[in-house]
Visitor: 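Once you've had a glance at the structure underneath, I'll fire off some questions.
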Amino acid sequence: MRKWSVWLALCWGVMCAAQAALPSVAPIQVGPHTYYVQGMAALGNSENQNFISNAGFVVGPQGVVVIDALGSPAVAQRLLAEIQKITDKPVTDVVLTHYHADHVYGLQVFKDQGARILAHESGKLYLNSADAQTRLKASRIDMAPWVDEHTRLVFADEWINQPVTRTLAGLQLQIDPVGPAHTPDDLAIWVPSEGVLFSGDLIFNGRLPFVGKADSSQWIKSLEHLMTYDAKAVVPGHGKWSNDPRKDIGMVRDYLKFLRQSMGDAARDLVPFEDAYEQTEWGAWKSVPMFKFANRMNAYNTYLLMEQEALKGQ
């Protein structure tokens with residue numbers, strides 16, 4: 001009996017320690033009625049509940065609009081609990097900036113509460129792809145127990161393919177397709193009454209972006225478009241909110257331009273990627289968080305893109 005009690009005590013201690021180590025989802029206020037939670041500058045794993053991206057919410061006259069849904073049902077449930085500390089109004093709508101796993105695995109929590117989901121029409125390409133299923137299968141292992149067999153991909157209720165203005169929860173939101181850039185289905189969400197712009201992963205603030213197979217040329221144009229908004233605050237897909245949009249948007253734009261120039265020159269001159277990477281001076285970016293994890297892959301994908309553009313005569 002004593003051994004059983006000791007075992008229970010040890011298990012309880014482990015559970016409490018795990019809970020204590022979870023990253024905070026305390027909301028940060030960036031507008032009169034607008035908040036966001038800031039994910040960790042890390043790779044998603046079991047220790048951080050895949051809380052590596054941002055999500056925001058705006059409290060309107062008739063309810064709450066959530067922007068993005070985080071990277072696991074568990075962390076989305078914690079976000080919902082934080083919202084309920086601020087208001088007793090229901091979450092009526094969720095607008096997705098794009099269908100990437102770290103932004104959508106928590107979506108079922110809000111859907112099950114009755115929220116409507118809005119997303120770009122090109123998100124269907126991801127949802128119906130083998131990549132989406134493969135990623136979810138792997139996440140159920142890599143991010144267990146927070147992503148498990150009950151975690152599912154959720155389709156939007158409304159698909160958007162052009163700039164629209166929607167009144168959600170009594171709030172006017174401008175939903176602006178800004179892709180294909182980081183993904184084919186990028187959306188930016190502008191809340192004029194709050195002076196707040198949600199940029200999704202077009203902006204990674206205070207850390208290197210994840211470029212992946214992005215259309216970096218269009219991404220740069222989209223960043224310049226975001227600068228035309230008279231935003232008092234910009235909430236990025238990753239990193240701290242910005243009250244100096246031109247500076248922080250400019251950092252991402254300049255990094256993408258540097259990648260395109262350095263890798264483009266190498267591809268044009270038929271310099272092998274390994275040599276090109278070693279010969280490139282990365283000093284301006286080495287101190288930026290996530291350089292170690294993201295830069296080499298960003299450079300490689302950009303090298304391949306520049307090869308393709310050269311073949312097309314762009």
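Remember, it's a predicted structure, so these values are computed and weren't measured experimentally.
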Visitor: Please report the shortest heavy-atom distance between Asp176 and Pro163, naming the atom on each side.
Guide: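 Result for this residue pair: OD1-CG, 4.2 Å.
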Visitor: Write down the atom of Tyr126, the atom of Ser129, and the distance for their closest heavy-atom approach.
Guide: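 Heavy-atom minimum between the residues: O-OG, 2.7 Å.
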Visitor: Begin from the C-alpha positions of Arg116 and Thr92 and carry the test side-chain contact (heavy atoms from CB on, under 4.5 Å) through to its verdict.
Guide: CA-CA 6 Å; Arg116 291 182 71 254; Thr92 58; over 6 Å; no
Visitor: Does any N or O in the side chain of Asn50 come within less than 3.5 Å of the main-chain N or O of Ser72, such that one atom is a donor and the other an acceptor?
Guide: no
Visitor: Hey, which of Asp201, Asp186, Asp68 is the one that makes side-chain hydrogen bond (donor to acceptor under 3.5 Å, both in side chains) with His98?
Guide: Asp201
Visitor: Just wondering, do Thr183 and His120 contact through their side chains at under 4.5 Å, heavy atoms?
Guide: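 Heavy-atom side-chain distance check fails, nothing below 4.5 Å.
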Visitor: What are the two closest non-hydrogen atoms of Asn48 and Pro23, and how far apart are they?
Guide: O-CG, 3.8 Å
Visitor: Would you sort out whether Val59 and Lys89 count as a side-chain contact (heavy atoms from CB on, under 4.5 Å), showing the intermediate values?
Guide: CA-CA 8 Å; Val59 181; Lys89 296 174 182 177; 4.2 Å; yes
Visitor: Should we count NZ of Lys124 as having more than 12 external heavy atoms under 6.0 Å?
Guide: yes
Visitor: Could you tell me which non-hydrogen atom of Met290 sits nearest to which non-hydrogen atom of Ala41, and how far apart they are?
Guide: SD-O, 3.7 Å
Visitor: Does Asp275 CG have over 12 foreign heavy atoms under 6.0 Å away?
Guide: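 Enclosed: over 12 neighbouring heavy atoms sit under 6.0 Å from CG of Asp275.
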Visitor: Are the side chains of Val178 and His225 in touch, meaning some heavy atoms are under 4.5 Å apart?
Guide: yes
Visitor: Please walk me through it: do Trp190 and Tyr229 pass ring pair (Phe, Tyr, Trp, His ring centres under 6.0 Å)?
Guide: CA-CA 8 Å; Trp190 167 238; Tyr229 283 98; 5.4 Å; yes
Visitor: Check the hydrophobic clustering (I, L, V, M, F, W, Y; side-chain heavy atoms under 4.5 Å; chains of links allowed) and say if Val211 and Leu226 are grouped together.
Guide: yes
Visitor: With sequence neighbours left out, which residue pairs that include part of residues 64-84 fulfil the ring-ring contact (aromatic ring centres under 6.0 Å, His included) condition?
Guide: none
Visitor: Is it the case that one hydrophobic cluster holds both Val75 and Ile52, taking links as side-chain heavy atoms less than 4.5 Å apart, direct or via other members?
Guide: no
Visitor: Do Gln108 and Thr151 have side chains that approach each other closer than 4.5 Å (heavy atoms only, starting at C-beta)?
Guide: yes
Visitor: Checking the side chain of Asn205 only, and the main-chain atoms of Gly239 only, is there a donor and an acceptor separated by less than 3.5 Å?
Guide: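 Judged by distance alone, no pair lies under 3.5 Å.
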Visitor: Is there a side-chain contact between Val37 and Glu82, using heavy atoms and a 4.5 Å cut-off?
Guide: no
Visitor: Would Met40 and Trp146 show up in the same hydrophobic cluster when neighbours are defined by side-chain heavy atoms closer than 4.5 Å?
Guide: no
Visitor: Between atom CD of Gln62 and atom OG1 of Thr167, what is the distance when rounded to the nearest 0.5 Å?
Guide: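 Answer rounded to 0.5 Å: 9.0 Å.
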Visitor: Can you name the nearest heavy-atom pair linking Gln38 to Phe51, along with the distance?
Guide: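 Nearest heavy atoms, Gln38 then Phe51: O-CZ, 3.3 Å.
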Visitor: Using ring centroids (six-membered ring only for Trp), state whether His182 and Trp219 fall under 6.0 Å.
Guide: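 Yes, close enough.
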Visitor: Can you list the steps and then say if Met143 with Gln49 is a side-chain contact (heavy atoms from CB on, under 4.5 Å)?
Guide: CA-CA 7 Å; Met143 298 166 195; Gln49 293 188 323; over 6 Å; no
Visitor: Take Glu309 and Leu305 through the side-chain contact (heavy atoms from CB on, under 4.5 Å) test and state the conclusion after the steps.
Guide: CA-CA 6 Å; Glu309 290 187 8; Leu305 175 67; 3.7 Å; yes
Visitor: Would you give the length of the straight line joining atom OG of Ser53 to atom CG of Asp102, rounded to the nearest 0.5 angstrom?
Guide: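 Rounded to the nearest 0.5 Å, the OG-CG separation comes out at 4.5 Å.
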Visitor: Could you see if Met263 belongs to whatever hydrophobic cluster contains Phe291? Use Ile, Leu, Val, Met, Phe, Trp, Tyr and a side-chain cutoff under 4.5 Å.
Guide: yes
Visitor: Under a 3.5 Å distance rule, please check whether Ser139 uses its side chain to pair with a backbone N or O of Val147 as donor and acceptor.
Guide: no
Visitor: Check Asp88, Asp93, Ile83 against Val64 for a side-chain contact (heavy atoms from CB on, under 4.5 Å) and give me the one that passes.
Guide: Ile83
Visitor: Does atom NZ of Lys240 have more than 12 heavy-atom neighbours from other groups under 6.0 Å away?
Guide: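 No, NZ of Lys240 has 12 or fewer neighbouring heavy atoms, counting only those of other groups under 6.0 Å.
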Visitor: Could you tell me whether Met297 atom CE has more than 12 heavy atoms of other residues or ligands within 6.0 Å of it?
Guide: no
Visitor: Using the salt bridge (charged side-chain N to carboxylate O under 4.0 Å, His left out) rule, take Asp112 and Arg152 through it: C-alpha gap first, then chi angles, then the decisive distance, then the call.
Guide: CA-CA 12 Å; Asp112 291 347; Arg152 67 186 192 273; 2.7 Å; yes
Visitor: Do Leu80 and Phe110 touch side chain to side chain, with heavy atoms closer than 4.5 Å?
Guide: yes
Visitor: Mind checking whether Ile220 and Arg260 have side chains closer than 4.5 Å, heavy atoms only?
Guide: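 Yes, at least one pair of side-chain atoms sits under 4.5 Å.
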Visitor: For the side chain of Gln29 and the backbone of Gly31, is there at least one donor-acceptor N/O pair under 3.5 Å apart?
Guide: yes
Visitor: Please check this pair: side chain of Gln84 against backbone of Thr87, looking for a donor-acceptor N/O pair closer than 3.5 Å.
Guide: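 A pair under 3.5 Å: no.
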Visitor: Does the distance from a Lys or Arg side-chain N to an Asp or Glu carboxylate O, for Arg296 and Glu274, drop under 4.0 Å?
Guide: yes
Visitor: Within the 4.5 Å heavy-atom criterion, are Ile86 and Tyr35 side-chain neighbours or not?
Guide: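 A side-chain contact under 4.5 Å exists here.
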Visitor: Any chance you could measure Leu197, atom CG, to Gln174, atom CD, to the nearest 0.5 Å?
Guide: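 Atom-to-atom, Leu197:CG and Gln174:CD are 10.0 Å apart.
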Visitor: Just so I know, are the side chains of Lys292 and Lys286 near enough to count as touching, which here means a heavy-atom distance under 4.5 Å?
Guide: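 They are not in contact (no side-chain heavy atoms under 4.5 Å apart), so the answer is no.
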Visitor: Quick one: closest heavy-atom pair of Ala76 and Gly106, and the distance?
Guide: CB-O, 3.4 Å
Visitor: Pair up each side-chain donor or acceptor in residues 244-258 with any protein partner under 3.5 Å, not counting sequence neighbours, and list the distances.
Guide:
residue : atom : partner : partner atom : Å
Asp248  : OD2  : Ser242  : OG           : 2.5
Tyr255  : OH   : Asn295  : OD1          : 2.7
Tyr255  : OH   : Asn298  : ND2          : 3.1

Visitor: Just one of Trp282, Tyr303, Tyr300 clears the ring-ring contact (aromatic ring centres under 6.0 Å, His included) bar with Tyr277, so which one?
Guide: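 That would be Trp282.
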Visitor: Could you check whether any side-chain N or O of Ser46 sits under 3.5 Å from a backbone N or O of Asp142, counting only pairs where one atom can act as donor and the other as acceptor?
Guide: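 Checked: pair present.
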Visitor: Can a donor-acceptor pair be found between the side chains of Thr34 and Glu194 at a distance below 3.5 Å?
Guide: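 On atom types as modelled, these side chains qualify, holding a pair under 3.5 Å.
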Visitor: Would you kindly confirm whether Tyr105 and Leu22 end up in one hydrophobic cluster when ILVMFWY residues are joined by side chain heavy atoms under 4.5 Å apart?
Guide: no
Visitor: Could you identify which residues cluster with Ile189, counting Ile, Leu, Val, Met, Phe, Trp and Tyr as linked when any side-chain heavy atoms lie under 4.5 Å apart, either directly or through a chain of such contacts?
Guide: Ile28, Val30, Tyr36, Val58, Val65, Ile67, Val95, Leu118, Ile160, Val164, Leu168, Leu171, Leu173, Ile175, Leu187, Val191, Val196, Phe198, Val235, Trp241
Visitor: Before accepting this row, confirm whether a basic side-chain N of the pair Glu158/Arg166 lies closer than 4.0 Å to the acidic partner's carboxylate O.
Guide: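 Arg166 and Glu158: salt-bridged.
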Visitor: Classify the angle between the aromatic ring planes of His238 and Phe204 as parallel (below 30°), tilted (30 to 60°) or perpendicular (above 60°).
Guide: parallel
